[in-house]
Number of protein chains: 2
Amino acid sequence: MSAKRTPRPVSDDERAFLAAYDASAFPHPSVAVDVATLTVADRALRVLLVRRGEHPAKGRWALPGGFVGMHESLDDAAARVLRTKAGLAGIFLEQLYTFGRVDRDPRTRVLSVAYYALVDAARLARALPDTGETSLARLEVPWKGDAGGPVRAKDDTGAALPLAFDHAEILGVVVRRLRGKVDYAPLGFQLLPQRFTLRQLQETHEAILGRRLNKDSFRRSVVARGLVAPTGETEKDMPYRPAELYRYARPEGG
Amino acid sequence: MSAKRTPRPVSDDERAFLAAYDASAFPHPSVAVDVATLTVADRALRVLLVRRGEHPAKGRWALPGGFVGMHESLDDAAARVLRTKAGLAGIFLEQLYTFGRVDRDPRTRVLSVAYYALVDAARLARALPDTGETSLARLEVPWKGDAGGPVRAKDDTGAALPLAFDHAEILGVVVRRLRGKVDYAPLGFQLLPQRFTLRQLQETHEAILGRRLNKDSFRRSVVARGLVAPTGETEKDMPYRPAELYRYARPEGG
DNA sequence: TGGTGTTCTATGCGTAAAGCATATATGCTC
DNA sequence: GAGCATATATGCTTTACGCATAGAACACCA
């Protein structure tokens with residue numbers, strides 16, 4: 001979304017209008033960004049949650065978030081949240097949806113512009129201090145067509161984590177978005193290290209989609225579309241035949 | 001997005017926090033909604049624009065919009081704009097994307113939550129008074145892959161209409177969204193009257209996609225997926241063999 | 001009244017892709 | 001070197017898509 005600013009001639013008339021404009025003439029909702037940082041580990045889709053130490057919803061689990069400053073763009077605000085609250089920078093980050101129910105925050109009217117980020121599991125594990133105040137929750141979303149609705153996040157013991165605000169709804173939207181995009185957008189590569197096997201890529205897609213895929217069809221489709229390029233290397237220390245390592249290849253014109 | 005509000009137990013501790021909370025502690029961006037109302041006429045995708053009578057961007061063409069009130073949801077605000085500025089109610093309306101560049105409005109920091117609405121051309125023509133202050137601009141968007149970027153809106157003489165703010169960018173996003181969704185979401189039906197011929201449906205899809213489709217494949221795919229049901233009626237007063245009229249049929253489980 | 005023109009609708013066929021099964025290859029362990 | 005688990009390659013079947021052809025329905029016109 002990096003659009004160039006196109007300077008526009010401003011008349012004296014308009015200049016006078018702008019000088020007289022009172023931005024605080026009537027109250028506006030507050031605006032926050034919330035970032036769902038996703039990864040795939042143990043064949044499951046996971047999301048980074050932080051335990052809230054402050055009111056409201058103190059003690060519950062929530063997506064990292066923060067209010068939007070007056071002089072930063074939405075994309076910049078989301079990147080700032082991701083950097084300061086998860087220690088991650090330079091990874092895939094895209095706007096998801098804006099949640100605007102009137103009573104979604106008990107403090108006051110707060111809109112949430114939700115973003116989602118994709119990282120490979122190893123990098124996320126390195127970035128995260130294991131303080132107990134963060135969790136990499138499993139997202140288990142049955143297929144059930146397009147119905148959607150909120151999602152349950154579980155820790156590794158299988159216990160459901162209580163989520164703050166409408167964050168369960170946000171997670172439902174993000175999973176459906178990923179499922180819709182994974183077939184044509186290079187999402188899986190963002191969830192893997194630079195070199196990966198085709199099996200890893202397939203398992204990543206399966207974790208997103210919540211269902212198994214046909215092995216041969218998946219491999220043929222991926223290589224026929226030129227999405228991946230072989231590196232010549234193979235994985236190491238496998239107790240069976242090692243697979244070739246591939247890398248992401250932009251399909252023509254990168 | 002009609003999520004049920006789930007009441008949550010509130011502790012005395014939290015009650016005290018909420019009572020002391022100062023919502024105006026620091027400045028927030030203003031929030032507006034802008035609605036792109038789309039239809040298909042003369043085999044072309046068209047969007048409803050209004051000429052701005054006030055600063056800023058006075059005299060330029062813009063999407064109908066308005067600020068979000070403190071006590072209305074985003075969806076409600078978009079429906080209100082659509083009702084009061086275009087005289088339309090009860091039609092397809094969905095959130096598109098939120099635009100948050102810092103300098104996108106010269107007055108002050110204004111975020112725009114963009115929505116798009118779909119109507120059939122006859123209904124839109126009935127709702128619109130022909131005052132010269134509104135325009136049903138053609139959207140001509142070449143295919144050029146996924147690159148995107150701003151879009152040009154033209155009136156029926158082919159003259160380009162100058163757009164206010166970043167509304168050309170919004171139109172670019174909405175066209176790409178429609179192109180991505182039309183294959184699997186029931187968008188075309190929203191742009192047609194209740195009864196329509198398969199040819200009309202195909203031309204609607206072609207207008208959205210900006211390219212021609214294969215007639216036989218389109219018909220087979222649509223009927224095989226059970227998206228449409230024949231009504232038994234046929235069109236009338238055609239100078240050639242009239243086609244059967246169909247209606248939208250929810251694919252299983254409606 | 002019957003021919004002409006245009007579009008609708010149905011059918012068949014060749015190609016491409018997807019799903020599925022089978023066979024061979026490779027590297028580790030014992 | 002035998003056994004094992006997985007990778008990789010090949011072939012077959014089913015399904016969808018693009019394209020061409022043929023008959024059907026209606027208005028128009030001589």
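By convention in this document, chain letters (A, B, ...) are assigned in the order of the sequence lines, proteins followed by strands, and residues within each chain are numbered from 1.
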For the student: nearest non-hydrogen atoms of B/Leu213 and B/Glu206, plus distance: N-OE2, 2.9 Å

Positions of residues 195-202 of chain A (non-hydrogen atom under 4.0 Å from DNA chain D), listed by number: A/Arg199

With A/Tyr240 via ring pair (Phe, Tyr, Trp, His ring centres under 6.0 Å) - residues at least two apart: none

Phosphate contact (C/dC8 OP1 or OP2) by B/Lys215 side-chain N/O below 4.0 Å: yes

Residue whose closest nucleotide on DNA chain C lies nearer the 5' end, A/Phe218 versus B/Glu244: B/Glu244

Qualifying side-chain hydrogen bond (donor to acceptor under 3.5 Å, both in side chains) pairs with a residue from residues 37-46 of chain A, counting only residues at least two apart or across chains: A/Asp42-A/Arg46, A/Arg43-A/Glu203, A/Arg46-A/Asp156

Grab the N/O contacts between the protein and nucleotides 11-16 of chain D below 3.5 Å, and write none if there aren't any.
none

Polar side chain donor-acceptor pair, B/Asp34 to B/Ser112, under 3.5 angstrom: yes

Listed partners of B/Arg51 passing salt bridge (Lys or Arg N to Asp or Glu O under 4.0 Å), at least two apart: B/Glu133

Between A/Ser73 and A/Asp75: side-chain donor-acceptor atoms closer than 3.5 Å: no

Pairs touching residues 230-239 of chain A that satisfy salt bridge (charged side-chain N to carboxylate O under 4.0 Å, His left out), sequence neighbours left out: A/Arg195-A/Glu233

Residues in ring pair (Phe, Tyr, Trp, His ring centres under 6.0 Å) contact with A/Tyr115, at least two apart in sequence or another chain: none

All N/O contacts under 3.5 Å from nucleotides 26-30 of chain C to the protein, with atom names and distances to one decimal?
from: C/dT26; atom 1: O4'; to: A/Arg241; atom 2: NE; distance (Å): 3.3

Between the first and last five pairs of the helix from C/dT1-D/dA30 to C/dC30-D/dG1, the angle of the axes, rounded to 10 degrees: 10°

Ring centre gap for B/Phe189 and B/Phe196 strictly below 6.0 Å: yes

Point-to-point distance, once rounded to the nearest 0.5 Å, from CG of A/Leu187 to CZ of A/Arg177: 10.5 Å

Qualifying ring-ring contact (aromatic ring centres under 6.0 Å, His included) pairs, either residue in residues 210-235 of chain B, two or more places apart: B/His205-B/Phe218

Any residue meeting ring pair (Phe, Tyr, Trp, His ring centres under 6.0 Å) with A/Tyr246, in chain and number order, not counting sequence neighbours: none

Partner set under side-chain hydrogen bond (donor to acceptor under 3.5 Å, both in side chains) for A/Thr134, not counting sequence neighbours: none

